[in-house]
Asks: 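Below is the structure I would like to discuss, written out as C-alpha cells.
Numbering of ligands and ligand atoms starts at 1, following listing order. Any value given below was found using the heavy atoms of this structure, including those in side chains, with hydrogens, waters and symmetry copies removed.
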Amino acid sequence: MMDFKNPLAEATARLRDARRVLVLTGAGISAESGVPTFRGAGGYWRDHRAEDLASPEGFARDPKLVWEWYTERRRTLNGVKPNPGHHALAALERAVPASLLATQNVDGLHQAAGSEKMVTLHGDIWTTRCLDCGDERTEPGRLHEELPPRCEGCGGALRPAVVWFGEMLPTEPLERIERFISERDPVDVVLVVGTSGVFGHIQRWALAPRERGAIVIEINPEPSALSELVDIQLQGAAGEILPRLIER
Ligand code: OAD
C-alpha cells in the first residue's frame with residue numbers, strides 16, 4: 001500500500017483525472033440499502049451453509065430449502081432501494097464514459113441506480129431457468145407462491161439463474177472484462193468496493209491493470225483479502241465514501 005497523507009484526496013484526484021475506470025463490487029455496496037452480505041457480521045454464511053443453499057448439489061438435495069432462501073432474499077429486495085454508493089457509481093459512469101462496472105451482486109441495485117456500462121458476474125436473482133426446457137424468465141418483484149416453482153411452459157423444475165459454487169462464470173461478462181483490461185488504452189483506476197475479494201479472478205482483475213500503471217483503490221470498512229495488495233485503502237462505508245470520492 002502507498003502511504004499518502006490524505007488518501008481520500010489522493011484517490012479523488014486520481015479518479016478526477018482518470019479516462020478508463022474499472023469498478024468491481026460485491027455485497028458490501030448494498031449493505032447500506034439493507035441487503036445482508038455473505039461473510040462477516042450478519043452475513044448469510046454465518047448461519048447458513050453455502051453448499052446447501054448455493055450449489056447444484058444443495059439444490060438437487062433440497063430445492064424447496066434453496067427456493068425458500070431465495071424467496072426470503074427476493075422479499076427483502078422488494079423493500080429496498082439503491083443507496084448513495086450505487087448512485088455515485090452511476091454518476092461516475094456518466095463522468096467517465098469509458099468505464100466498466102463488474103458486480104458479483106444479483107440484486108439489481110446498480111441497474112436501478114442507472115448503471116449501464118456493467119456486467120453481472122453471478123446473474124440476476126429475478127431470473128429463473130427451467131431445468132427441462134431451458135426457458136429463462138426475468139420477473140422483477142415476483143414471489144412464487146408454491147415452492148419449488150414449476151415452469152409455466154413445460155412444468156419442469158425452475159432454478160434461480162444465478163451462479164452457484166462449483167459453477168462456471170458466464171463467458172460473455174468474463175470476456176468483456178478481459179477485453180476492457182487489455183485494450184491498448186490502459187485502465188487508470190481500479191475501484192474495489194464492498195467485496196471480501198476471496199475469489200482469484202476478482203483479485204486478478206483488481207491487480208492486473210496495475211502492471212500498466214493503474215492505481216487500485218479499495219473501499220471497505222473491514223480488511224479484505226485484497227487490502228494488503230491495493231494502493232489506497234479507504235476504510236469506511238461505500239455509501240459515505242463513494243459520494244465524496246466521486247464529487248464531480
Ligand atoms: P462478502 O459478503 O464476502 O463480503 C462483503 C464485503 O463487504 C466485506 O468485505 C465487508 O467488510 C464489506 N462491507 C460491509 N459493509 C460495507 C459497506 N457499507 N460499504 C462497503 N463495504 C462493506 O460479499 P462478496 O465479496 O460479494 O456468491 O462475496 C462474493 C460472493 O461470495 C457472492 O457473490 C456470493 C458469495 O458467496 C455466491 O453466492 C456464488
Side-chain angles (χ1 to χ4, degrees), residues 8 11 23-59 65-67 69-70 72-74 76-77 80-89 101-110 113 118-125 127 159-170 173-174 177 190-206 217-230 232-246:
L8 181 64
V23 185
L24 304 170
T25 69
I29 182 92
S30 298
E32 289 154 272
S33 291
V35 184
T37 59
F38 296 94
R39 298 167 188 83
Y44 284 120
W45 301 152
R46 273 290 160 97
D47 31 62
H48 295 76
R49 281 159 41 100
E51 54 273 40
D52 289 340
L53 299 178
S55 79
E57 296 76 23
F59 186 74
L65 178 76
V66 172
W67 266 111
W69 185 58
Y70 277 91
E72 173 197 324
R73 291 174 61 198
R74 283 181 171 205
T76 301
L77 287 174
V80 309
K81 291 200 300 280
N83 67 59
H86 297 105
H87 288 298
L89 290 177
L101 188 162
T103 189
Q104 300 162 81
N105 301 345
V106 297
D107 58 26
L109 290 176
H110 283 301
M118 63 170 292
V119 293
T120 51
L121 291 164
H122 293 168
D124 176 348
I125 195 167
T127 304
R159 65 163 278 181
V162 297
V163 177
W164 281 331
F165 288 99
E167 295 186 313
M168 306 262 284
L169 292 177
L174 253 163
I177 297 167
V190 182
L191 267 188
V192 187
V193 187
T195 178
S196 52
V198 287
F199 294 137
H201 50 271
I202 296 292
Q203 300 190 7
R204 202 167 52 72
W205 291 328
I217 304 167
E218 175 179 62
I219 298 157
N220 199 312
E222 306 286 334
S224 77
L226 274 161
S227 300
E228 304 242 305
L229 307 168
V230 302
I232 302 183
Q233 218 241 334
L234 301 174
Q235 207 177 343
E240 284 164 29
I241 293 186
L242 281 174
R244 290 164 68 195
L245 190 63
I246 300 159

Asks: Is there any N or O on Ala31 that sits under 3.5 Å from an N or O of ligand 1?
Replies: no

Asks: Walk me through it: do Val163 and Leu121 pass the test side chain to side chain contact (heavy atoms under 4.5 Å, CB included)?
Replies: CA-CA 8 Å; Val163 177; Leu121 291 164; over 6 Å; no

Asks: Do the ring planes of Trp69 and Phe38 sit parallel (below 30°), tilted (30 to 60°) or perpendicular (above 60°)?
Replies: perpendicular

Asks: List ligand 1 atoms under 4.0 Å from Thr195, heavy atoms only on the residue side.
Replies: 6 (C), 9 (O), 24 (P), 25 (O)

Asks: Looking only at protein heavy atoms, which one is nearest to atom 22 (C) of ligand 1, and what is the separation?
Replies: Pro221 CD, 3.3 Å

Asks: Quick one: which of Glu32, Gln104, Arg39 has a heavy atom closest to atom 31 (O) of ligand 1?
Replies: Arg39

Asks: Can you name the atoms of ligand 1, numbered from 1 with element, that are less than 4.0 Å from a heavy atom of Ala238?
Replies: 17 (C), 18 (N), 19 (N), 20 (C)

Asks: Considering only the protein, which heavy-atom contact is closest to atom 36 (O) of ligand 1, and what is its distance?
Replies: Trp45 NE1, 2.8 Å

Asks: His87 versus Pro82: any side-chain heavy-atom pair under 4.5 Å?
Replies: yes

Asks: Have a look at Ser30 and tell me which of Asp107, Thr103, Thr37, Asn83 forms a side chain to side chain donor-acceptor pair (under 3.5 Å) with it.
Replies: Asp107

Asks: If I compare all heavy atoms of Leu234 with all of Ala11, which pair ends up nearest, and what's the gap?
Replies: CD1-CB, 4.0 Å

Asks: Check each heavy atom of Val163 against ligand 1 and say whether those closer than 4.0 Å belong to the side chain, the backbone, both or neither.
Replies: backbone

Asks: With Ser227, which of Glu218, Gln235, Glu222 fulfils side chain to side chain donor-acceptor pair (under 3.5 Å)?
Replies: Glu218

Asks: So which protein heavy atom does atom 16 (C) of ligand 1 come closest to, and at what separation?
Replies: Gly28 O, 3.5 Å

Asks: Among all protein heavy atoms, pick the one closest to atom 5 (C) of ligand 1 and tell me residue, atom and distance.
Replies: Gly194 O, 3.7 Å

Asks: Could you tell me which non-hydrogen atom of Thr195 sits nearest to which non-hydrogen atom of Asn220, and how far apart they are?
Replies: O-ND2, 3.4 Å

Asks: Locate the shortest heavy-atom distance separating Ala225 from Gly197; write the atom from each residue and the value.
Replies: CB-O, 3.4 Å

Asks: Find all atoms of ligand 1 within a distance of less than 4.0 Å from any non-hydrogen atom belonging to Phe199, and give their numbers and elements.
Replies: 29 (C), 30 (C), 31 (O)

Asks: Which bit of Ala237 gets closer than 4.0 Å to ligand 1, counting heavy atoms only: side chain, backbone, both or neither?
Replies: both

Asks: Nearest to atom 38 (O) of ligand 1 by heavy atom, Tyr44, Phe165, Trp164: which?
Replies: Phe165

Asks: Do you know the tightest heavy-atom contact between Ile177 and Ala102?
Replies: CD1-CB, 3.6 Å

Asks: Identify, by atom number and element, the atoms of ligand 1 in contact range of Ala27, meaning under 4.0 Å from any of its heavy atoms.
Replies: 23 (O), 24 (P), 26 (O)

Asks: In terms of ring plane angle, is the pair His48 and Tyr44 parallel, tilted or perpendicular, where the classes change at 30° and 60°?
Replies: perpendicular

Asks: Indicate the atoms forming the closest heavy-atom contact of Leu53 with Tyr70, along with that distance.
Replies: O-CE1, 3.7 Å

Asks: Which is closest to atom 8 (C) of ligand 1 by heavy-atom distance: Ile241, Asn220, Ile219, Thr25?
Replies: Asn220

Asks: Could you find the nearest protein heavy atom to atom 33 (O) of ligand 1 and give me its residue, atom name and distance?
Replies: His122 ND1, 2.9 Å

Asks: So if I count the atoms of ligand 1 from 1 in the order they appear, which ones are less than 4.0 Å from some heavy atom of Glu222?
Replies: 11 (O)

Asks: In the protein, what heavy atom is nearest to atom 4 (O) of ligand 1, and what distance, to one decimal place, separates them?
Replies: Ser196 N, 3.4 Å

Asks: How far apart are the closest heavy atoms of Arg244 and Glu240, and which atoms are they?
Replies: CD-O, 3.4 Å

Asks: Would Ala50 count as a contact of ligand 1 if the rule is a heavy atom under 4.0 Å away?
Replies: no

Asks: Provide the number and element of each atom of ligand 1 under 4.0 Å from a heavy atom of Gly26.
Replies: 26 (O)

